[in-house]
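Scroll down for the structure; my scribbles are underneath it.
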There are 2 protein chains.
Amino acid sequence: MVSSRRETTTGGPTGRRLTAENRERQIVEGAIAYFAEVGLDGHTRELARRLGIAQPLLFRYFPTKAALIERIYQEVYLRRWDAGWEAVVRDGALPCLERFRRFEIDYQRRIDDYAWLRIFVSAGLKGFDLPSRYLGMVRERIFAPLLEGMRAESNLPSPREQPLAPDEFELLFGIHGALVYVGLRSRVYGIDGTPDRDAVRAAMLDAALPGLLATHRRVVIAGGPKG
Amino acid sequence: MVSSRRETTTGGPTGRRLTAENRERQIVEGAIAYFAEVGLDGHTRELARRLGIAQPLLFRYFPTKAALIERIYQEVYLRRWDAGWEAVVRDGALPCLERFRRFEIDYQRRIDDYAWLRIFVSAGLKGFDLPSRYLGMVRERIFAPLLEGMRAESNLPSPREQPLAPDEFELLFGIHGALVYVGLRSRVYGIDGTPDRDAVRAAMLDAALPGLLATHRRVVIAGGPKG
DNA sequence: GCCCTTGTTGATCGTTCGCTCAATAGAAGG
DNA sequence: CCTTCTATTGAGCGAACGATCAACAAGGGC
């Protein structure tokens with residue numbers, strides 16, 4: 001990899017005197033892998049050891065450990081948000097169920113990732129607002145447009161006439177949660193289950209989507225005027 | 001702060017010189033609440049402060065912090081396992097879907113608990129085998145008998161003739177995960193969502209159960225001989 | 001009243017944490 | 001070859017960690 005001088009104990013030569021840009025990227029990627037593995041209470045000394053660098057070097061690039069973690073949030077969650085998701089759930093050329101299916105298949109493939117899932121729940125446990133803010137985005141930017149489309153497809157009142165009810169969101173979050181749980185069992189609970197989680201989630205969608213519109217209709221009508 | 005007879009800063013008088021039994025129980029319950037809140041990396045000094053006792057007293061009742069955490073596992077998970085669950089899923093007087101519904105409603109009510117859910121995922125993040133072992137119990141003691149009953153109800157080969165397939169378990173874990181996710185969003189991600197999570201889960205079951213047997217039949221037949 | 005048992009504490013040990021700073025060393029320009 | 005710039009490091013700070021131990025104090029039996 002690099003070079004006449006310096007190699008880490010793990011065998012990977014670090015190469016010293018990187019450009020600031022490269023070193024920063026190396027630190028961020030190493031921090032993502034490390035904190036995903038041991039949790040956000042991981043230690044800066046151990047992170048530095050894994051990177052093959054001295055611990056004070058971390059503080060040259062990030063003023064505090066908290067700042068490094070904040071950077072991880074941006075890198076793993078905000079940067080990986082796909083604007084295409086917001087487009088597909090509004091794609092009038094597709095039936096709503098197909099929009100939902102396409103979103104979930106793509107979304108789950110993106111977040112069924114060791115670092116994504118583990119740092120997400122780790123942040124939730126530490127009381128950071130990242131998970132609630134992120135799921136708020138899913139709710140408002142993905143599920144709300146989907147529910148609006150489902151209302152229209154079922155000839156039900158628009159959200160303007162009858163605001164979206166919590167129970168309608170729960171319908172989508174229920175299916176969503178079943179799909180997320182597949183990844184959680186593997187990445188967080190450490191269960192080496194079915195090899196092809198993509199296929200498992202596709203099957204779950206096949207089982208859950210056909211009845212969704214009818215259930216949604218019932219929920220909306222039950223929550224309608226004088227309901 | 002500490003007058004003649006000692007009181008904690010939180011207002012609750014600690015009362016010193018408890019019997020060993022009472023002190024131990026107080027420590028265990030306090031530790032459950034504390035580690036659930038801050039994670040298993042919480043500090044013994046802070047735990048002692050919240051209990052209104054000196055930190056070394058913890059080590060009189062538990063030799064190490066790890067031993068205290070091990071005790072928490074027994075208290076929160078193994079002791080709260082309900083033998084009735086294993087009975088109801090084998091109750092031949094009920095249709096399988098009703099057995100499943102009753103199990104899930106009771107089970108979810110038990111585990112939708114701040115300490116239960118947070119310590120569970122915290123243990124998973126720390127790489128402890130508690131979550132995988134616990135879900136292994138659910139799989140073998142709950143879902144396996146349920147699937148066997150569903151096979152019988154649908155006049156399909158028994159697990160003896162055709163072993164239970166991973167895809168069949170995923171069918172149940174899918175619905176299960178959707179229900180667990182309701183609690184996770186509230187207890188771990190900090191989303192104060194629908195007030196009545198019991199009702200939300202009941203609605204999810206109403207939506208998911210009716211199609212379950214038919215889907216299960218398809219899965220078993222697809223995975224059958226020369227499948 | 002006194003003693004004995006034992007629940008409880010203050011002081012403290014060795015280690016490790018996040019973080020700082022002066023000194024070092026590798027690359028680029030003359 | 002020498003200077004300049006800066007990425008990088010070794011040494012170390014104050015604080016907090018898990019854990020230890022001798023000393024203290026609250027009851028119960030005599």
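What's counted below: heavy atoms across the whole structure, side chains too, no hydrogens, waters or symmetry copies. From a predicted model like this one, the values you see are computed outputs, not experimental measurements. Order of the sequence lines sets the chain letters (A, B, ...), proteins ahead of strands, with each chain counted from 1.
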#### Entry: Nearest-nucleotide 5' precedence on DNA chain C, B/P56 against B/T19
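Going by which nucleotide is closer to the 5' end, it is B/T19.
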### Query
Shortest non-hydrogen contact from B/G30 to B/L51?
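The answer is CA-CD2, 3.9 Å.
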Atom [atom1] of [X] to atom [atom2] of [N]: distance rounded to whole Å?
X	N	atom1	atom2	result
A/F35	C/dC17	CZ	P	12 Å
B/R60	C/dG10	CZ	P	16 Å
A/N22	C/dG26	CG	C1'	16 Å
B/I69	D/dA19	CD1	C1'	15 Å
B/R25	C/dG7	CZ	P	15 Å
A/L58	D/dT9	CG	C1'	12 Å
B/F59	C/dG10	CZ	C1'	15 Å
B/E24	C/dT8	CD	P	12 Å

#### Entry: Point-to-point distance, once rounded to the nearest 0.5 Å, from CG of A/L212 to CD1 of A/I175
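These two atoms lie 4.5 Å from each other.
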### Message
Measuring from the side chain of B/Q55 (C-beta onward, heavy atoms only), which nucleotide among C/dT20, D/dG18, C/dA27 has the closest atom?
### Response
D/dG18
### Query
Among C/dC19, D/dT8, C/dT9, which is the nearest nucleotide to the side chain of A/L18?
D/dT8
### Query
OP1 or OP2 of C/dT8 less than 4.0 angstrom from a side-chain nitrogen or oxygen of B/Y61, does that happen here?
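Affirmative; the distance criterion is met.
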### Task
State, without any angle test, whether A/R71 and A/Q74 hold a side-chain donor-acceptor pair at a distance under 3.5 Å.
no
#### Entry: Six-ring centre of A/F173, B/R185 cation under 6.0 angstrom, axis tolerance 45°
yes
### Task
Under the ring-ring contact (aromatic ring centres under 6.0 Å, His included) rule, collect the residues that match up with A/F120, sequence neighbours excluded.
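Scan of A/F120 (ring-ring contact (aromatic ring centres under 6.0 Å, His included), adjacent residues dropped) gives A/Y77, A/W116, A/Y134, B/Y189.
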### Task
Could you pull out all residues at least two apart from B/F128 that satisfy ring-ring contact (aromatic ring centres under 6.0 Å, His included)?
none
### Query
So which of A/F103, A/F143, A/F100 actually passes side chain to side chain contact (heavy atoms under 4.5 Å, CB included) with A/V89?
A/F103
### Message
Looking at B/R17 and C/dT6, is any side-chain donor or acceptor paired with a base atom of the opposite kind under 3.5 Å?
### Response
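For B/R17, whose side chain was compared with the base of C/dT6, there is a donor-acceptor pair (under 3.5 Å).
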### Task
Kindly state which residues belonging to residues 41-48 of chain A come within less than 4.0 angstrom of DNA chain C, counting heavy atoms of the residue only, listed by number.
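Nucleic-acid contacts, sorted: A/G42, A/H43, A/T44, A/R45.
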